[in-house]
Amino acid sequence: SNANLYAVLQGGFPKDRSKVALETPDLEYTWDDIDRATACLANLLTSLDLPAGSRVAVQVEKSPEALLLYLATLRAGLVYLPLNTAYRESEIEYFLGNAEPAVVVCASKNRDWVQRAADRAGCAHVYTLDEDRTGSLLDAAGTLPQTFTTVTRQPDDLAAILYTSGTTGRSKGAMLSHGNLAANARVLHEYWGWREDDVLLHMLPIFHVHGLFVASHGALLAGAKMIWLPKLDADLALHYLPQSTVMMGVPTYYVRLLADSRFDSSVCANMRLFISGSAPLLAETFSDFHKRSGHAILERYGMSETVMLTSNPYSASQGERLAGTVGRALPGVQVRVVDDAGIALAPGEIGNVQVRGPNVFSGYWRMPEKTREEFTEDGWFKTGDVGRWGGESAGRDVPADYLSIVGRSKDLIISGGFNVYPKEIETLIDDMPGVAESAVIGVPHPDFGEAVVAVVVPKDGVSLDAAAMQLELKSRIANFKVPKRVHIIDQLPRNTMGKVQKNVLRETYQAL
Ligand code: ATP
Ligand code: MG
């Protein structure tokens, strides 16, 4: 049998291929359309006669054709390499130089500078693809046969290289195999109860694991329809929610929906599942959303290197969805929390999160050193996240098999020799009246090594008193944890996946 991920996904397509697979505000694509269009594109890629393992790098706006190009790349047995649409010339130059793709597909408006970067990287095939179904890629593929025999791949063959979000440093290319992606897609299919009559409201970008793999694979493997929107737009979301059953978003999507007074439980009448990930969901967002919609958002945890690792329960019989936790290890996925010597920690104790499983990548593209560093000798991947089993979250006791992510090891603050976990202080600050959200960082300090600094965003129309906040914290936590400075600002810097950029904050507020 063929382990090619496309063949696996295709196994889930509905019997009736004339049903709608993808819907946009002005077009519908059936499952037959997907089959035919990916065949044309796969025929084009195959006609280039590329060596095995060749990369197809893609930086285009989200459109149905962008998804088709991903699927066609799988079908042709080549390696898909999506790039964030926000990247500009110098960044694209790094990625193309690092990945040395055989094919680059870009937006026609960027054609000039992408071509320059492609030339320097020795890439001979540059195509354009725009959101309105124009560009040289479709021109070239449109006349080719609409049938294609999906290339046979082994589970370990490379399917995609996903560059990490670059939250903690330079992005690394995570090499994911057909087997990695198929294993995770199958597990999530079961775990989240995907059905053919589901309708997924897909508003995430597709250059990242969340939108490209978790969301798209879920719907494709279920043979379920996707409503395909370029981004979160409150008007469109409110228009399509009543006919949807599943939505996935980063936490800011849920904050945006709550900010719209039209959002209520009647809009969600058909919904069975709201999923959040890519960044921590605030307990307050979880509870506000529950009050307004009647739905408990299911928070899950994963990363480019591993796809999904843990999830809050789907059905009530499996347990409750708990705010501030990311739930249990998914079936087949092993998760452990260890100290710096690699010893497993008891529930309630904070340590390094390490994982193992059929979903875990094989290494970073062209970074053998880094790859060696990030795996233990016995094959566990060091996620770089800090977490704990059980403990307490949002005033509730958490079962010992639920994981909570406390932060990233790179964001851990060591002040006067003591460990400070930013999340602990952020949680206290977030609970203060008038606070919308906060970020706690460490900045260089001559005596303590690092000093704790808080950056706080007030709720709309509230003016906060930094000195009063420090006093309040002093009465509640050890002095070394109390922020030496509290900066009140309008908005935290976030990247496109809604992740707070603590490196930017550290740079901005390094002077005490
Ligand atoms: P880089 O590795 O380049 O610094 P990144 O880690 O942000 O960037 P991604 O692979 O996109 O790149 O993100 C994975 C990270 O996102 C996880 O390691 C974790 O820190 C965070 N994350 C994902 N889901 C959650 C969640 N539910 N709660 C808290 N953090 C999460
Ligand atoms: Mg990372």
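Atoms within each ligand, like the ligands themselves, are counted from 1 in listed order. Just the heavy atoms: all of them, side chains too, but no hydrogens, waters or symmetry mates, feed the values below.
Among protein heavy atoms, the minimum distance from atom 2 (O) of ligand 1 is reached at K172 NZ, 3.1 Å. In terms of protein heavy-atom proximity, atom 12 (O) of ligand 1 is nearest to S165 N, 3.1 Å. In terms of protein heavy-atom proximity, atom 27 (N) of ligand 1 is nearest to R300 O, 2.8 Å. Protein heavy atom in closest approach to atom 23 (C) of ligand 1: G302 O, 3.4 Å. Taking atom 16 (O) of ligand 1 as the reference point, the nearest protein heavy-atom neighbour is K499 NZ, 2.9 Å. What sits closest to atom 4 (O) of ligand 1 on the protein, heavy atoms only, is T168 OG1, 2.5 Å.
The closest non-hydrogen atom to atom 19 (C) of ligand 1, taken over T164, T310, N312, D385, comes from D385. Nearest-heavy-atom check against atom 1 (P) of ligand 1 across A174, G166, G407 picks out G166. Among G498, G327, A279, the residue whose heavy atom lies nearest to atom 31 (C) of ligand 1 is A279. Closest to atom 8 (O) of ligand 1 by heavy atom, among V307, V250, T167, L309, is T167. Of all the listed residues (P251, S278, S404, S304), S278 holds the heavy atom that lies closest to atom 22 (N) of ligand 1.
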Check against side-chain contact (heavy atoms from CB on, under 4.5 Å), T310 and L330: CA-CA 5 Å; T310 74; L330 287 165; 5.7 Å; no
Pair K459-V435, side-chain contact (heavy atoms from CB on, under 4.5 Å): steps then yes or no: CA-CA 5 Å; K459 285 193 171 141; V435 172; over 6 Å; no
Worked check of side-chain contact (heavy atoms from CB on, under 4.5 Å) between L81 and V58: CA-CA 6 Å; L81 195 152; V58 179; over 6 Å; no
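The aromatic ring centroids of F289 and F263 lie less than 6.0 Å from each other. The six-membered or imidazole ring of F375 lies near that of F361, with a centre-to-centre distance under 6.0 Å. You'll find the ring centres of Y314 and Y191 outside the 6.0 Å limit.
Residue contact annotation: K410 has no non-hydrogen atom under 4.0 Å from ligand 1. Within the 4.0 Å heavy-atom cutoff, R408 counts among the residues contacting ligand 1. Close to ligand 1: H208, with a non-hydrogen atom less than 4.0 angstrom away.
Ligand 1 has no nitrogen or oxygen under 3.5 angstrom from a nitrogen or oxygen of R170.
The distance from ligand 1 to the heavy atoms of M303 drops below 4.0 Å at these ligand atoms: 10 (O), 14 (C), 17 (C), 18 (O). Close contacts of ligand 1 with E299, meaning ligand atoms under 4.0 Å from a residue heavy atom, involve 26 (C), 27 (N), 28 (N).
Not one N or O on the side chain of N359 forms a donor-acceptor pair closer than 3.5 Å with the backbone of A183.
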Identify each donor-acceptor pair in which a side-chain atom of residues 160-171 lies under 3.5 Å from a protein atom, sequence neighbours left out, and give them as a table.
residue, atom, partner, partner atom, Å
Y163, OH, N98, OD1, 2.6
T164, OG1, K172, N, 3.0
S171, OG, T164, O, 2.8

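Salt bridge status for K423 with E426: absent, with no side-chain N to carboxylate O gap under 4.0 Å. With respect to the salt-bridge test (charged N to carboxylate O, under 4.0 angstrom), the residues E100 and R55 do not qualify.
Of all the heavy atoms of V326, the ones lying under 4.0 Å from any atom of ligand 1 belong exclusively to the side chain.
For residues 302-313, the set of pairs meeting the salt bridge (charged side-chain N to carboxylate O under 4.0 Å, His left out) definition, not counting sequence neighbours, is empty.
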